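Working notes, structure below.
Atoms within each ligand, like the ligands themselves, are counted from 1 in listed order. Here the structure is a predicted model, which is why all the values come from computation and not from measurement. Worth knowing before you read on, the calculation uses all heavy atoms, side chains too, and leaves out hydrogens, waters and symmetry mates.
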Amino acid sequence: MKILLYNPDNGVTRNFMPHLWMFLLQALTPAGHEVLLVDGNAQPMDEAGIAKFVRDNNIGLVGIGAMTRMIAKAYRMADAVRATGVPVVMGGPHVTEIADEALGRDGGPRHADAVALGEADATWPRIVEDAALGQLKDVYAPVDAFGQESKPSLKEYPVIPWQSIDLKQFNLVPKAATGLLQKIGEGWGSFRIIPVESGRGCPYGCEFCTVTGFFGDSIRFRTNESVVNELLLLKARARIEKGQMAVFFIDDNFAINIKRTKSLLRDIIAAGAQCHWVAQISANLLRDEELVDLIAASGGKWIFIGMESIDPANLKDVNKGFNKPGEYAAVLERLAQRNVYAITSFIFGMDNDTVGAAERTLEQVRTWPPGLPIFGLLTPLPATPLYKRLEKAGRLTRPKHWQEFIPFAMAHTPLKMTIDEAHAEVNYGWAQAYSPEALAHAVESLNDQPLGYRVNIFLARICFRGIYFPMMGKMAWLKVIAQNRRTIFKLVREGFKAGAWRGAPARVPAIPVPQAEASEAMAQGAEG
Ligand code: B12
Ligand code: SF4
């Protein structure tokens, strides 16, 4: 049987990184079946397009995965596939939380023939075999022999065959430039950001986050050996292709067990598996100097930190009181001393926020080492404690906000400001933090560093700007370049000076994220 695994785009920004679940399920598919992958971010497709693809390729089963944000598109695509007579199985966090919606048991239309609840590592092979026999069940839940919910241990993690997977659609280097760029240095013919997980789960239970409920509060890790081997495989592929790659450790909280993270990073260094990487780590775990040394030595370049708010009352409200705003500056300094920078994520629209929250936040951000601040709105995702609290209090203004998804729009009323005021705060945050003046300031603050660092921070800021101000066409890019021409000229002029690049850090720009949506994940705050 031929199987299509499809991940929808979010209709606003483009994703910079493929989704791990597709490669994982592909690797877990029983022998005798062929799996094709289509990521809507890399290969945009509409309903007619997916129906044609399914017919042309004689697909027998379509698997669709989606977060809440993309679920409306996922349902439309599922409907189009089902109209061709091919069954659809859906998985991922949204349908896990509201399976009845996908199955049409809530009074709405049915979109999926089957739903895979939770982590599908163990259920996927069963789903495939049932589909091949034409015997798909409605719901597949990961349970043990006694009917109890079970989570995969990750000790027996499948080998994802990165050396042979067709990754053409995920190359961030434009096709036209590939030939030329292959010849530069060790080669730039391809550049990909690859998702790798070293563990699952986070016990912290922040109120707005899906992770603790979905993955459980028991944390599970892969063996160091299996992670190291995966990095070596990825590095080998990049070398053969005369290209580059960076890794996004998608663990919800990469240093949740500091001892284990240190041992993994030491093993990465010992095996020569260092590569440029980014990971999500909560601020409280970055107090450890030795951990930060190892992060830098193993190739860590950017750390995503869900700071959420500079107001301890807000943090307490959302069960994230372990974040201590008083130590944010020290944490960022500790990273910056090792030339590791932070993606700092803030949420507005929290219950103690008042008008001016964005400027108060930025006043602090401006005193920190340069990084990539991102701003989002508190969003009640289904089945989170936040959703339940707001629902109980009758505060949800759009209880099914995912069915008419609007980017950067609240679905409930905050206590001390209006919805419009909260939207204005987010707008202010992005406009100020990514203005040409702010970009110039970020670059200047690294004047004592080699040019490479300044170029990196500039490029990363330009790309992150695209999360809020999409730069999807040539004109939009030209406009941004024109607005920032002074900083660009300055960097170019310096580039021609002898020795300017000495000590330059990176063959790979720190974390180059074209049209990043990076932190909407981030904009929601959560490390995960
Ligand atoms: C990496 C990541 C991203 C990446 C993008 C995804 C990518 N390219 O990998 C970035 C950084 C861009 C991102 C962005 C966002 N993210 Co995000 N992200 C993650 C993160 C940290 C890891 C995802 C992952 O690979 N997990 C590991 C894999 C193995 O797990 P999985 O994807 O769940 O897949 C398993 C099962 O779900 C199931 N499964 C999944 N799909 C399918 C499909 C089929 C057919 C089947 C059978 C099974 C199945 O099987 C898999 C194996 O067990 C998760 C948290 C987490 N730990 O999952 C958040 C998470 C998925 N993100 C989340 C959110 C909210 C966002 C944003 C909407 C944030 C925002 N506020 O704007 C944005 C929007 C993205 C967009 N495209 O519009 C939430 C989603 C909650 C929800 N109810 O939807 C999560 C759970 C984090 C959280 N704090 O709650 N994110
Ligand atoms: S927001 Fe981050 S720290 Fe909090 S539960 Fe989610 S993953 Fe864990």
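In this structure, Leu25 counts as a contact residue of ligand 1, since one of its heavy atoms falls inside 4.0 Å of the ligand. Heavy-atom separations between Thr379 and ligand 1 are all 4.0 Å or longer. Residue contacts with ligand 1 leave out Pro195, since none of its heavy atoms falls under 4.0 Å from the ligand. Residue contacts with ligand 2 include Gly205, since one of its heavy atoms falls under 4.0 Å from the ligand.
Taking only non-hydrogen atoms, the option from Met90, His19, Glu119 nearest to atom 7 (C) of ligand 1 is His19. The closest non-hydrogen atom to atom 36 (C) of ligand 1, taken over Gly91, Gly118, Pro8, comes from Gly118. Here the shortest heavy-atom distance to atom 83 (N) of ligand 1, taken over Val88, Thr68, Thr123, belongs to Thr68.
Distances below 4.0 Å separate heavy atoms of Tyr204 from the following atoms of ligand 2: 3 (S). Heavy-atom contacts of Cys202 reach the following atoms of ligand 2: 3 (S), 5 (S), 7 (S), 8 (Fe) (cutoff under 4.0 Å). Each of the following atoms of ligand 2 lies closer than 4.0 Å to a heavy atom of Thr212: 5 (S). Atoms of ligand 1 found under 4.0 Å from any heavy atom of Asp121, numbered from 1 in the order shown, are 52 (C), 53 (O). Proximity to Asp252 (heavy-atom distance under 4.0 Å) selects the following atoms of ligand 1: 21 (C), 55 (C), 56 (C), 57 (N).
In terms of polar-atom proximity, defined here as any N/O pair under 3.5 Å, Arg69 does make such a contact with ligand 1. Looking at ligand 1, you won't find any N or O of Phe214 less than 3.5 Å from one of its N or O atoms.
Residue contacts with ligand 1 for Ala66 are absent, since no atom lies close enough (heavy atoms, distance under 4.0 Å). Both the backbone and the side chain of Thr210 come within contact range of ligand 1, each with a heavy atom under 4.0 Å. Neither the backbone nor the side chain of Glu97 has any atom closer than 4.0 Å to an atom of ligand 1 (non-hydrogen atoms only). Both the backbone and the side chain of Met17 come within contact range of ligand 1, each with a heavy atom under 4.0 Å. When non-hydrogen atoms are compared, ligand 1 lies under 4.0 Å from the side chain of Trp124 (C-beta onward) but not from its backbone. Within the 4.0 Å heavy-atom criterion, neither part of Tyr140 lies near ligand 1.
When each of Asp121, Asp251, Asp252 is paired with Arg200, the salt bridge (Lys or Arg N to Asp or Glu O under 4.0 Å) condition holds for Asp121 and for no other.
Annotation: side chain to side chain donor-acceptor pair (under 3.5 Å) contacts involving residues 20-34, sequence neighbours excluded, comprise Asn7-Trp21, Thr29-Trp124.
Shown here are the side-chain contact (heavy atoms from CB on, under 4.5 Å) partners of Pro203, two or more places apart in sequence or in another chain: Asp217, Ile219, Ile256.
Using cut-offs of 30° and 60° for the angle between ring planes, the Tyr387 and Trp402 rings count as tilted.
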